[in-house]
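Here's the structure we're looking at; comments come further down.
Heavy atoms only: backbone and side chains are in, while hydrogens, waters and symmetry mates are out. Here the structure is a predicted model, which means the values were calculated and not measured.
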Amino acid sequence: MSVPLISVVLPVYNGEPYVAAALESILRQDYGRFEVIALDDGSTDRSLSILQRYRKVDDRVRIVSRENRGLVATLNEGIALARGDLIARMDADDISYPSRFSRQVALFAQQPELAMSGTGIDQLLGNRVVRGKPNPIYQSGDWHILSLFFTIFLHSTVMFNRRVVPEDMLVYDAGYVHAEDFDLFRRIAREFPAAMIDDSLVAYRIHSDSVTSRHKHQMRRTHLKIVAENLERQSLNDDPDALHDIGADVTLDTVRRVADCILTLERKIAKQAAPASSSYADGALCFFYFLYQLIADEQRPELTHEFLTRTGKWQVIRRRERYGLRSAVHAPWLCRFSDGATRRADALARYCQSVPVKMVPPLQGLA
């Protein structure tokens, strides 16, 4: 694969605060053969005018602007317009580091059978970066197994190889709203190889107006729907409705049922042959943490306590969480103190891990 064209699909909806930095991070890549398909999905802010200013000085930028149709329709429109052999995703609030494209292109050149690749990420919190670390869970390379349980790549790190992925597969399904990436990745990984570049090549911005923040509950419900389908397909779950039901309402009954699902899953995984059993176990543990966070966010300590007790997994959460939960259940008057202490400790840890962001200065005349 020699000097392939990359088509960058960049959906934008009211991205005025961040889209200039996102677009500049693409235009300043050390790999130059690409086109940017910027799709303005009916923005009501200045997003379109920002995109138009960049198009005037760089003809690699193409703009589509029309009424709002939603993210899935916008992504599919961008892919349909793409001319490149490789399609790179980019979100309007993230930053791609300069070597992202060259590193991913080199990976596809070394392994032309790959269908998609992702990269590690840093987290962008305001004007500070929290450096990411490689996750050992990815070392197995069993992407078809891991993709049963969680979204294996951050969306704006992904690059697809159109020479491998069939055209009718490289389509986002509107039936999986706000988890359309999870669905697409599992379908591709089920049939074709994928790979991860461990190094952080994208800075993922954390902010209250992101799609993840604004649509957290719907995203979780769709996530549970996908996992239920995956586990049912492999006969790993005896109560698939339990995952749907806890997405609809977190109650003592639904908590107990999903805890039983975890126990059933672990029993069935124990019967899997090595080395695949290790990847199944890693995926199942990630799914446990997903359920744990969903239940904990209800701020009803008795439900979280029941989930951990029924699954027998008190040991996999942090010591101060264990202390706080047990205090909240058995000595409720300590709950507020314990929760506040945990939040302060977490905030301090994030601050101490942060380093200043090295921002790229804007293009001349576009500040």
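The closest side-chain heavy-atom distance from Phe101 to Arg33 is not below 4.5 Å. Counting heavy atoms from C-beta outward, Asp94 and Met90 have side chains that approach closer than 4.5 Å.
Salt-bridge annotation for Arg205 and Asp93: absent, with no side-chain N of the basic residue lying under 4.0 Å from a carboxylate O of the acidic one. At a threshold of 4.0 Å, the pair Asp260-Arg256 does not count as salt-bridged, since none of the basic side-chain nitrogens sits closer than that to a carboxylate oxygen. Note on Arg55 versus Asp58: no salt bridge recorded, every NZ/NE/NH1/NH2 to OD/OE distance being 4.0 Å or above. Salt-bridge check for Lys216 with Asp297: passed, with a basic side-chain N closer than 4.0 Å to an acidic carboxylate O.
Scanning both residues, Ser65 and Asp40, for their nearest heavy atoms gives OG-OD2, 2.9 Å. When all heavy atoms of Val258 and Ala242 are compared, the closest pair comes out as CG1-O, 3.6 Å. Pairing each heavy atom of Ile26 with each of Ser96, the nearest pair is CD1-OG, 3.8 Å. Summarising the geometry of Ile121 relative to Ser200, their closest heavy-atom pair is O-OG, 3.0 Å, with the distance given to 0.1 Å. Residues Leu263 and Thr311 approach most closely at CD2-O, 3.8 Å, considering heavy atoms. Considering all non-hydrogen atoms of both residues, Phe185 and His155 come closest at CZ-CD2, 4.0 Å.
Screening residues 219-238 for ring-ring contact (aromatic ring centres under 6.0 Å, His included), with sequence neighbours left out, gives Phe182-His223, His223-Phe290. Sorted by first and then second residue, the side chain to side chain donor-acceptor pair (under 3.5 Å) pairs involving residues 280-289 (not counting sequence neighbours) are Gln234-Tyr280. Within the structure, side chain to side chain donor-acceptor pair (under 3.5 Å) pairs that include any residue of residues 261-270 comprise Asp238-Lys268, Thr264-Arg267, Glu266-Lys313 (at least two apart or interchain).
Ile37 and Leu5 sit in two unconnected hydrophobic clusters of ILVMFWY residues. Membership requires side-chain heavy atoms under 4.5 Å apart, directly or through other members. Residues Leu27 and Tyr18 do not share a hydrophobic cluster, clusters being chains of Ile/Leu/Val/Met/Phe/Trp/Tyr side chains in contact below 4.5 Å. When the side chains of ILVMFWY residues are joined at heavy-atom separations under 4.5 Å, either directly or via intervening members, Met196 and Val158 end up in a single hydrophobic cluster.
Every residue meeting the side-chain contact (heavy atoms from CB on, under 4.5 Å) condition with Val165, not counting sequence neighbours, appears here in chain and number order: Ala115, Met169, Leu170, Ile188. Scored by the ring-ring contact (aromatic ring centres under 6.0 Å, His included) test, Tyr138 finds Trp143 as partners (sequence neighbours excluded).
Donor-acceptor pairing under 3.5 Å is lacking for the side chains of Arg300 and Thr251. Side-chain contact, Ser99 with Ser102: no donor N or O sits under 3.5 Å from an acceptor N or O. Counted by atom type alone, Asp122 and Tyr97 present one or more donor-acceptor pairs between their side chains at under 3.5 Å. A donor-acceptor contact closer than 3.5 angstrom links the side chains of Asp45 and Ser47.
The number of heavy atoms from other shown groups lying within 6.0 Å of CD (Gln315) is above 12.
Here CG of Leu86 is found 9.0 Å from CD of Gln104. Values are rounded to the nearest 0.5 Å.
Side-chain atoms of Asn68 come within 3.5 Å of backbone atoms of Asp41 as a donor-acceptor pair (strictly under, hydrogens ignored).
Using bins of under 30°, 30° to 60° and over 60° for the plane-to-plane angle, the ring pair Phe287/Phe149 lands in the tilted bin.
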With side chain to side chain donor-acceptor pair (under 3.5 Å) as the criterion, how do Gln139 and Asp198 come out once you've worked through the C-alpha distance, each side chain's angles and the decisive distance to 0.1 Å?
CA-CA 9 Å; Gln139 297 307 309; Asp198 285 335; 3.3 Å; yes
N/O donor-acceptor pairs under 3.5 Å from side chains in residues 270-279, not counting sequence neighbours:
| residue | atom | partner | partner atom | Å |
| --- | --- | --- | --- | --- |
| Ser279 | OG | Ser140 | OG | 3.0 |
| Ser279 | OG | Asp142 | OD2 | 2.6 |

